[in-house]
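Taking it in order: structure first as structure tokens, then the write-up.
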Amino acid sequence: MKNTATIAHTHNLTTKQKWTIASTSSGFALENMDVLFLSFTMSSMISQLHLSGGAAGLIGSITNLGMLFGGILFGLIGDRFGRVKTFTYTIFIFAFATAMMAFANNINEIYILRFLAGIGAGGEYGVGIAMIAESFHKNQIGKMTSIAAIGGQVGAILAAVLAALIIPRFGWHALFLVGIVPVVLTYFVRRHLSETDEFIQSQQEHHESTIKAVFKYMFSSPKVAYQSGALMVMTTVQIAGYFGLMNWLPIIVQKQLGLNVSSSSLWMIATIIGMSLGMMTFGTVLDYFGPRRAFGIFLIASALMVYTITLAHSLVSLLIIGAVVGFFSNGMFGGYGAVISRLYPTEIRSTANNVIVNVGRAVGGFSSVVIGILMDHYSLTVVMGSLSALYLLSLVTMLTLPGLKGLTVKK
């Protein structure tokens, strides 16, 4: 099927393509910024609202459940009614819910608003990825989805900077008011983007309900059900590794190796730089050599490099290893959207991306709990070995996916 962006093998982008990648990158940046506001305000929330550890921990779990629900809901809406309008709806929902956190003064209000924010954030991903997949040549999708994923890392930096500037002066409530800013993005998306020819043609050619199409292409036979399940396993490992890297490794190293890390910001900056470089590299490798080689290289390297964290004996070595681990382990993130978009047809592309990735988020998000339990009972070597084993599990799973063999070489 020919799409509007088949300007294959040229580096010149059309105005519409530029707006597509700018909008999705900005959307992912603002979404990640809003989600990470919770991390930077958690200690203040616990103190001011007198929350128990369990009640505070449930906030993140409820957010992840909202992402899964929103992913399914808005995936279906995006496949049925269009990417552009749906993308703006998801942005508005997570922006509104985040801004309303500024007025939340009890745990029940927080639970409701974080669930709503999760619905918007979870719905945005698949719709944005579908917009990219239908606006670029198939051999550019890996690089472009990786650029969009880098936007999420920019959002993490923004969240850290804004938290440092706002919380000490105005308190944690004020930080969430910034969450309303993404609403401005919806104006530009509606003004400059329209549905692609590929989506419009798909709508004209396929008249079965979106729910039936999702079941048909994702779960109707053992082969397609296995493909969907295997991709969920891979995204679960991806998210589990990310949370382990960002939330626990600095703590693990300080505790087990006795390092004095003066500021977590150094770790975050080094890791995010590594992740961003890895995303750009992975997208290019995927487009040129195909997903089997790209994922194979990065998954093996992730398994090896995660284990080398046990060799960190100084702050400098920790930062270097953190950047390299980030390069390989999170460099793959943008590749999942590219692969899912090519394995599943246009009529269910938003839903497939959202369901597969948000199941990974919902399940993989519990890795922080599992790693915490392992830390209490086992050595650093066992903890890192467990993370390495997860990446090897993802590697074996990836190699069993027959659909990837047809996505191998740039043409």
Side-chain angles (χ1 to χ4, degrees), residues 25-46 56-67 70 90-91 93-102 104 110 113-122 124-125 128 148-168 170-182 185 238-251 263-276 279 322 326 329-330 333 357-358 360-362 364-365 367-368:
S25 298
S26 299
F28 294 166
L30 294 168
E31 174 230 313
N32 204 34
M33 179 188 75
D34 286 0
V35 169
L36 285 178
F37 279 171
L38 186 63
S39 299
F40 292 106
T41 57
M42 184 64 77
S43 60
S44 298
M45 261 187 231
I46 291 172
L58 192 57
I59 298 173
S61 299
I62 287 175
T63 304
N64 284 337
L65 289 174
M67 285 184 171
T90 62
I91 294 172
I93 289 172
F94 76 69
F96 173 78
T98 300
M100 289 301 294
M101 283 284 290
I110 290 173
L113 291 172
R114 293 315 299 172
F115 184 76
L116 287 174
I119 288 175
E124 182 195 31
Y125 174 81
I150 291 172
Q153 303 309 310
V154 173
I157 296 174
L158 284 173
V161 171
L162 290 169
L165 292 174
I166 294 174
I167 294 177
F170 306 105
W172 68 269
H173 283 92
L175 181 63
F176 285 104
L177 281 175
V178 181
I180 201 66
V181 171
L185 178 62
Q238 179 68 40
I239 301 300
Y242 175 79
F243 277 104
L245 181 65
M246 295 300 288
N247 295 344
W248 281 111
L249 289 191
I251 299 172
S263 173
S264 61
S265 61
L266 288 176
W267 168 268
M268 176 173 285
I269 291 170
T271 305
I272 287 175
I273 291 173
M275 288 177 177
S276 298
M279 287 174 179
S329 66
N330 214 50
F333 184 74
V357 171
N358 283 307
R361 280 174 171 169
S367 66
S368 294

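Note that this is a predicted model, so its numbers are computed, not measured.
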If I compare all heavy atoms of [X] with all of [Y], which pair ends up nearest, and what's the gap?
| X | Y | value |
| --- | --- | --- |
| Leu36 | Ala159 | CB-CB, 3.9 Å |
| Ile239 | Gly364 | CG2-C, 4.0 Å |
| Gly120 | Thr90 | O-CB, 3.3 Å |
| Ser276 | Ile150 | O-CD1, 3.5 Å |

**OP:** Check step by step if side chain to side chain contact (heavy atoms under 4.5 Å, CB included) holds for Ile93 and Glu124.
**Re:** CA-CA 10 Å; Ile93 289 172; Glu124 182 195 31; over 6 Å; no

Roughly how far apart are [X] [atom1] and [Y] [atom2], rounded to 0.5 Å?
| X | Y | atom1 | atom2 | result |
| --- | --- | --- | --- | --- |
| Ile166 | Thr41 | CD1 | OG1 | 11.5 Å |
| Leu116 | Ile119 | CG | CD1 | 5.5 Å |
| Ile59 | Ile110 | CD1 | CD1 | 5.0 Å |
| Phe115 | Leu65 | CZ | CG | 7.0 Å |

Got a sec, which residues hit side-chain contact (heavy atoms from CB on, under 4.5 Å) with [X], two or more places apart in sequence or on another chain?
| X | result |
| --- | --- |
| Ala164 | none |
| Val181 | Val178 |
| Leu58 | Ser61, Ile62, Tyr111 |
| Ser25 | Ile21, Ile147, Ala148 |

Should [X] and [Y] count as side-chain neighbours, where that means a heavy-atom distance under 4.5 Å?
| X | Y | result |
| --- | --- | --- |
| Phe28 | Tyr125 | yes |
| Leu162 | Phe37 | yes |
| Met67 | Val357 | no |

**OP:** Report the C-alpha separation of Ile91 and Leu30 in whole Å, then their side-chain angles, then the decisive distance to 0.1 Å, and conclude whether the side chain to side chain contact (heavy atoms under 4.5 Å, CB included) test is met.
**Re:** CA-CA 9 Å; Ile91 294 172; Leu30 294 168; 5.9 Å; no

**OP:** For the pair Met42 and Trp172, evaluate side chain to side chain contact (heavy atoms under 4.5 Å, CB included) and give the outcome as yes or no after the intermediate values.
**Re:** CA-CA 9 Å; Met42 184 64 77; Trp172 68 269; over 6 Å; no

Subject >> Any donor-acceptor N or O pair under 3.5 Å, side chains Asn32, Gln153 >> reply: no

Original post:
Tell me the salt bridge (charged side-chain N to carboxylate O under 4.0 Å, His left out) pairs involving residues 26-40, sequence neighbours left out?
Top reply: Glu31-Arg361

Original post:
Are the side chain of Asn358 and the backbone of Gly122 linked by a donor-acceptor contact shorter than 3.5 Å?
Top reply: yes

Subject >> Asn64 side-chain N/O to Ala362 backbone N/O, donor-acceptor pair under 3.5 Å >> reply: no

**OP:** List in chain and number order the residues that pass salt bridge (Lys or Arg N to Asp or Glu O under 4.0 Å) with Arg114, two or more places apart in sequence or in another chain; answer none if no residue qualifies.
**Re:** none

Could you pull out every donor-acceptor pair under 3.5 Å between side chains of residues 94-102 and any protein atom, sequence neighbours left out?
from: Thr98; atom 1: OG1; to: Phe94; atom 2: O; distance (Å): 2.7

